[in-house]
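In what follows, every heavy atom counts, from backbone to side chain, and hydrogens, waters and symmetry copies are set aside. A, B, ... follow the sequence lines: proteins, then strands. Residue 1 opens every chain.
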Protein chains: 2
Amino acid sequence: MKQLKDISTEEKIMEAAKEVFMKYGLYGARMQDIADTAKINKALLHYYFRSKEKLFDKVFEGALSKYFEVMDVFANSELPLKKRLFQYIDNIIDFYSEYPQMSMFIIKEIGNNPELLKEKIQAAKKNKTHRLIQVLEEGMKNGEIKKTDATLFLINFQSLCSFPFLAAPMFKHSLNAHGKDWEKDFSNDKLKKSIKTFIENTLG
Amino acid sequence: MKQLKDISTEEKIMEAAKEVFMKYGLYGARMQDIADTAKINKALLHYYFRSKEKLFDKVFEGALSKYFEVMDVFANSELPLKKRLFQYIDNIIDFYSEYPQMSMFIIKEIGNNPELLKEKIQAAKKNKTHRLIQVLEEGMKNGEIKKTDATLFLINFQSLCSFPFLAAPMFKHSLNAHGKDWEKDFSNDKLKKSIKTFIENTLG
DNA sequence: GTCTATACACTGATAGAC
DNA sequence: GTCTATCAGTGTATAGAC
């Protein structure tokens, strides 16, 4: 059984590692930077996690499962399909709001090391995205929603949910630089509503 | 006046630098990696561009202006507003198709160094996004398009155009892993059409 | 302009005191 | 478990031959 003290330091490291790895990626991140952020010594990083790669793996694994665990709520529900989609929108937007860099981090690291990470992704994602497409196609078959390209719908759907948080820094600079106020113009509720409208228009 | 030989090597470096910087970012990229990619010696990098930072600046500047220059086509045209939007969609999708990492690169680097890059972004973007919002709001005023939140529309619009290319590696793995064929299921034309449908539904 | 050799700082990682 | 000191390897950058 772990002691409270152990958890504290280990989790301090994990939190710091998450922050730094998400910002700079595997190769760009510096162990010193992680240690400073966690307010501990560099050597402790190697004491808890043997190497940079191992620490990164832990962070990446955690990010992946959190990322896809939101999809469970959607897949397991017994609500009507469109209600499930709406609920999923609420959940995923709230999730991104809390972890704005999550999506970017996963995409970027997968893009850089596709082979290395393949198994992890598949393990975490199994029965997630796949099930969503399946459910969509079933819903189209039995007439619950309008017929459309399920894959393309999924892409558009994920785009609308994810990109605003990825590109927030850019939007912020761009809008603020021209007198517009991002904090005022953008809100999670507005975004949710607009994505729901997209669903209504696309799936009827 | 530059000689042809000079341009050749300098551009070889720029191409290689673009590739490596986009993949790993400013801090993750290695000069050796850039030199290898350009098939030249490491010392030559410093001969043409004095430092890593200076080389990065050149790459980032080029990326930014290319990224926003696509918007010019939109802003300067005298076509009806919706036709301009449709033309912009065609252009930006073709552009991302050629430079899939461009959007990610800019977003990521702006996110990491907001202060450092502020002026460059503003210089490159001036009268671009701003003008687009302006044009949209004018179009709503004179009844050419349906009234809606211009900022939120812009976010959704950019999301639909950019994210599919950012997340392509993830989508690819996810779909291929479950029997679906990304290369078959996804095409630029399908994406263009779906975004145009979004425009129709949103702006009437 | 292009290469080799090298200076010098920084990085991940380990040893050893406490 | 936590720290300081330190090593080997790699990184950016420069000097100098051709």
Side-chain angles (χ1 to χ4, degrees), chain A residues 1-63 105 108-109 112-113 116-117, chain B residues 1-63 105 108-109 112-113 116-117:
Chain A
M1 206 56 128
K2 277 178 190 171
Q3 292 190 330
L4 280 173
K5 284 177 200 166
D6 303 329
I7 295 169
S8 171
T9 302
E10 199 172 324
E11 291 202 334
K12 247 165 45 186
I13 294 177
M14 278 295 288
E15 280 306 305
K18 201 194 294 175
E19 195 182 318
V20 177
F21 276 131
M22 285 206 191
K23 217 169 165 186
Y24 297 109
L26 170 57
Y27 300 112
R30 299 290 118 102
M31 295 296 267
Q32 185 62 60
D33 196 359
I34 296 173
D36 292 346
T37 305
K39 280 163 191 158
I40 51 116
N41 193 278
K42 212 173 46 161
L44 266 189
L45 297 178
H46 291 91
Y47 174 78
Y48 280 97
F49 311 84
R50 237 181 52 206
S51 70
K52 187 186 184 186
E53 256 82 14
K54 289 220 191 303
L55 178 54
F56 177 83
D57 279 358
K58 277 261 184 285
V59 170
F60 188 74
E61 242 169 82
F105 174 63
K108 188 103 185 155
E109 295 305 325
N112 283 350
N113 312 308
L116 199 86
L117 301 166
Chain B
M1 209 51 132
K2 278 178 190 171
Q3 291 189 332
L4 280 172
K5 286 176 200 167
D6 304 328
I7 295 170
S8 172
T9 302
E10 200 171 323
E11 290 204 333
K12 248 167 37 188
I13 294 177
M14 278 295 287
E15 281 305 305
K18 202 194 295 176
E19 197 182 317
V20 177
F21 276 131
M22 285 204 191
K23 221 172 164 183
Y24 297 107
L26 169 57
Y27 300 112
R30 299 289 118 102
M31 296 296 267
Q32 185 62 60
D33 197 0
I34 296 173
D36 291 346
T37 305
K39 279 163 191 159
I40 51 116
N41 193 278
K42 215 171 42 162
L44 265 189
L45 297 178
H46 292 90
Y47 174 79
Y48 280 97
F49 310 84
R50 236 180 51 203
S51 71
K52 188 188 184 185
E53 256 81 13
K54 289 217 191 307
L55 177 54
F56 177 82
D57 280 356
K58 277 260 184 286
V59 170
F60 188 74
E61 240 168 84
F105 175 62
K108 189 104 183 148
E109 295 305 326
N112 284 349
N113 312 307
L116 199 85
L117 301 166

- Query: N41(B) CG to dA15(D) P: how many Å, rounded?
  - Reply: 16 Å
- What residues form a side-chain contact (heavy atoms from CB on, under 4.5 Å) with Y27(A), not counting sequence neighbours? N113(A), Y24(B)
- Query: Rounded to the nearest Å, what distance is computed from the CG atom of residue D36(A) to the P atom of nucleotide dG12(C)?
  - Reply: 12 Å
- Of dT12(D), dC3(D), dC3(C), the nucleotide closest to the side chain of I40(A) is dC3(D)
Enumerate donor-acceptor pairs with a distance under 3.5 Å from any side-chain N or O in residues 31-46 of chain B to protein atoms, sequence neighbours excluded.
from	atom 1	to	atom 2	distance (Å)
Q32(B)	NE2	D36(B)	OD1	2.9
T37(B)	OG1	D33(B)	O	2.7
N41(B)	OD1	A43(B)	N	2.8

- Message: The side chain of R30(B) is closest to which nucleotide in this list: dT12(D), dT2(C), dT2(D)?
- Response: dT12(D)
- In whole angstrom, give the distance that lies between atom OH of Y27(B) and atom P of dT12(D). 13 Å
- Query: For nucleotides 13-18 of chain C, read 5' to 3', which letter fits each nucleotide if B means a protein heavy atom sits under 4.0 Å from the base, S means only the sugar-phosphate is that close, and - means neither?
  - Reply: BB----
- Answer with base, sugar-phosphate or nothing: what part of the nucleic acid does A35(A) contact at a heavy-atom distance below 4.0 Å? nothing
- Query: CD of Q32(B) versus P of dT4(C): gap in Å, rounded?
  - Reply: 11 Å
- Provide, to the nearest angstrom, the distance between the CG atom belonging to L45(A) and the C1' atom belonging to dT11(C). 13 Å
- How many Å lie between CG on L44(A) and P on dT2(D), as a whole number? 5 Å
- Query: Which residues pass the side-chain hydrogen bond (donor to acceptor under 3.5 Å, both in side chains) test with E53(B), sequence neighbours left out?
  - Reply: none
- List for me each residue that meets side-chain hydrogen bond (donor to acceptor under 3.5 Å, both in side chains) alongside K18(A), sequence neighbours excluded, and say none if there are none. E15(A)
- Task: Keeping the roles fixed (side chain from K52(B), backbone from L26(B)), state whether a donor-acceptor pair exists under 3.5 Å.
- Result: yes
- Query: Reckon Y48(A) has a side-chain N or O less than 4.0 Å from the OP1 or OP2 of dT2(D)?
  - Reply: yes
- Task: Can you sort out the partners of K23(B) under side-chain hydrogen bond (donor to acceptor under 3.5 Å, both in side chains), two or more places apart, ordered by chain and number?
- Result: none
- Task: For F49(B) and dT12(D), give me the distance from atom CZ to atom C1', rounded to whole Å.
- Result: 16 Å
- Heavy atoms of other groups near K58(B) NZ, more than 12 under 6.0 Å: no
